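Down below is the structure, laid out as structure tokens.
In this text the structure is predicted, and so the values were computed from the model without any measurement.
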2 protein chains.
Amino acid sequence: MGPGMVSTAHRLRDEIEGLIVTGVLAPGEKLDEVQLANRFAVSRTPIREALQQLAAAGFVEIRLRRGATVVRIGPERLVEMFEVMAELEAMCARLAARRLSDADRAALLEAHASCRAAAEREDPDAYYYENERFHYALYRAARNGVLEEEARRMHARLKPYRRLQLRVRNRVGASWREHDGIVQAILDGDPAQAADRARAHVTVQGERFADLMASLAQYNLAAE
Amino acid sequence: MGPGMVSTAHRLRDEIEGLIVTGVLAPGEKLDEVQLANRFAVSRTPIREALQQLAAAGFVEIRLRRGATVVRIGPERLVEMFEVMAELEAMCARLAARRLSDADRAALLEAHASCRAAAEREDPDAYYYENERFHYALYRAARNGVLEEEARRMHARLKPYRRLQLRVRNRVGASWREHDGIVQAILDGDPAQAADRARAHVTVQGERFADLMASLAQYNLAAE
DNA sequence: TTGTCATTTTGTGTATACACGAGACTTGAC
DNA sequence: GTCAAGTCTCGTGTATACACAAAATGACAA
């Protein structure tokens, strides 16, 4: 076995998280341990470990003797999550503007260029992927490992909702221009402006939720 | 069984976390599952679940087929944690200044008064406890459940180190005066000042680490 | 003595078995 | 037809058993 070896539980964690993020497992859905064990051809033990980890990461909720369900995030909580995410990104941008290393600058600019290419092709799926790389590069550039972990955690929790956002008309182009503003501020070494622009970039998404909420609310109701 | 019932695994999680926070289980220490199972007179199963949760919370590290160890936090990482904590507290204070409800104000002031009493008695242990209540009240007052959870998580991770801090000469009195500044800014409805003061309050602790690091470094070396 | 390799031992990772509470269902009264 | 009490079923929570990788041990050679 190679060095990249992971336990069954860890693999399951990633797989189930993927199912949740892509909506295959819908919010509110019950996650039966035996069912999942059969589905993945393993015993309940690693399934339970995976569910524990997903609960810690905020993807599922486990109630005593009632099993795990995919978390259903209401409008208020979603706003709260974006509010925190905005601040985390602002902090990353602020620190990045102060501390940018050559390697981090190169990574950031490369991801930024890839985003541009995807935006010009008007390819939302590609942009979704490259956008993630850009944000990860930003978190890394802050040169604070704890902050990077927290930012990635929160980013992951918002994944199911971010994906929907990019379908909105012209959102991809607007997103890239916002990225560009952040990058410029970081390259200029202007922490305050970098922070403000990063915060605004995330906040904008949160504010597009009047319409998203409508569809989401009925989606959540339907799932019950 | 009453409504406050918790599983064995959950109880173990709290107990082991307590042992880590109080230093009974030292940083770097190996956590043998069978040993812990015997110690608590349970099987390995709930022990493993507790360790999983502690790993997710950042108290232990689990490596594949090498078991769990209490995380050893180096100076750099500790600085990073305080940097993030400072920003989370600043955000809480800023939002609290904007959104303070009557109930939250009452809770904050009560905790603040309890801190004062403990500080005047020059009782570091009491102050440690009341200080925690104060900070929890602050997190709550921000009226953002996600932020509250994140702040409490990070606060918990820093517990082992905060406790040492308060032993420092005159630190308790200085801490209370800093609290007072934060409270006044919040009551005045001044978000920027509340944020700045909360950030400074946490940052001060982080900066007291020239001396703490010295003792900590030798502590960590001895534990190996 | 020191280093290397085979062997054993130990502890984790997963599977299976058992215990017990929550919720579904049945039954019966009104 | 509705609702309440009792029973049963099913799924989770915990215990135990088994598989296998990694560390520890020891034998042997340099």
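A salt bridge between A:Arg153 and A:Glu149 is absent, with no side-chain N of the basic residue lying under 4.0 Å from a carboxylate O of the acidic one.
If you measure from atom NE2 of B:His10 to atom C1' of D:dT14, you get 17 Å, rounded to the nearest angstrom. Rounded to a whole Å, the CE atom of A:Met5 is 10 Å from the C1' atom of C:dG13. Between the P atom of D:dA22 and the CG atom of B:Asp32 lies a distance of 18 Å, rounded to the nearest Å. Distance, A:Arg48 CZ to C:dA15 C1': 14 Å, rounded to whole Å. Atom pair B:Gln52:CD and C:dT12:C1' shows a separation of 12 Å (rounding to whole Å applied). Residue A:Leu51 contributes atom CG, which lies 13 Å from atom C1' of D:dG11 at whole-angstrom precision. Atom CD in A:Glu33 sits roughly 15 Å away from atom C1' in C:dT14 (whole-Å rounding). Rounded to a whole Å, the CG atom of B:Leu12 is 14 Å from the P atom of D:dG13.
Of the candidates D:dG13, C:dT16, D:dG11, the closest approach to any side-chain atom of A:Lys30 belongs to D:dG11. If you check C:dA15, C:dG13, C:dG23 against the side chain of A:Arg66, the one that comes closest is C:dG23. Candidate nucleotides C:dG13, C:dT16, D:dT14 were compared by shortest atom distance to the side chain of B:Thr45, and D:dT14 ranks first. The listed nucleotides are C:dA15, D:dG11, D:dA22; the one nearest the side chain of A:Arg65 is D:dG11. Side-chain proximity of B:Arg44 to the nucleotides C:dA15, D:dT14, D:dA17 is greatest for D:dA17.
Atoms CD1 and CZ, on A:Ile16 and A:Phe40 in that order, are 5.0 Å from each other to the nearest 0.5 Å. Here the CD-OG1 distance, from A:Glu61 to A:Thr69, works out to 5.0 Å after rounding to the nearest 0.5 Å. The structure places CZ of A:Phe134 at 8.5 Å from OG of A:Ser175, a figure rounded to the nearest 0.5 Å.
Taking only side-chain nitrogens and oxygens, B:Thr8 comes nearer than 4.0 Å to OP1 or OP2 of D:dT14.
Judged by the 6.0 Å and 45° rule, B:Arg152 forms no cation-pi pair with B:Tyr139.
Looking at heavy-atom distances under 4.0 Å, A:Leu31 makes contact with sugar-phosphate atoms alone, never a base.
Taking for each of B:Gln35 and A:Leu64 the nucleotide of DNA chain C with the nearest heavy atom, the 5'-most of the two is the partner of B:Gln35.
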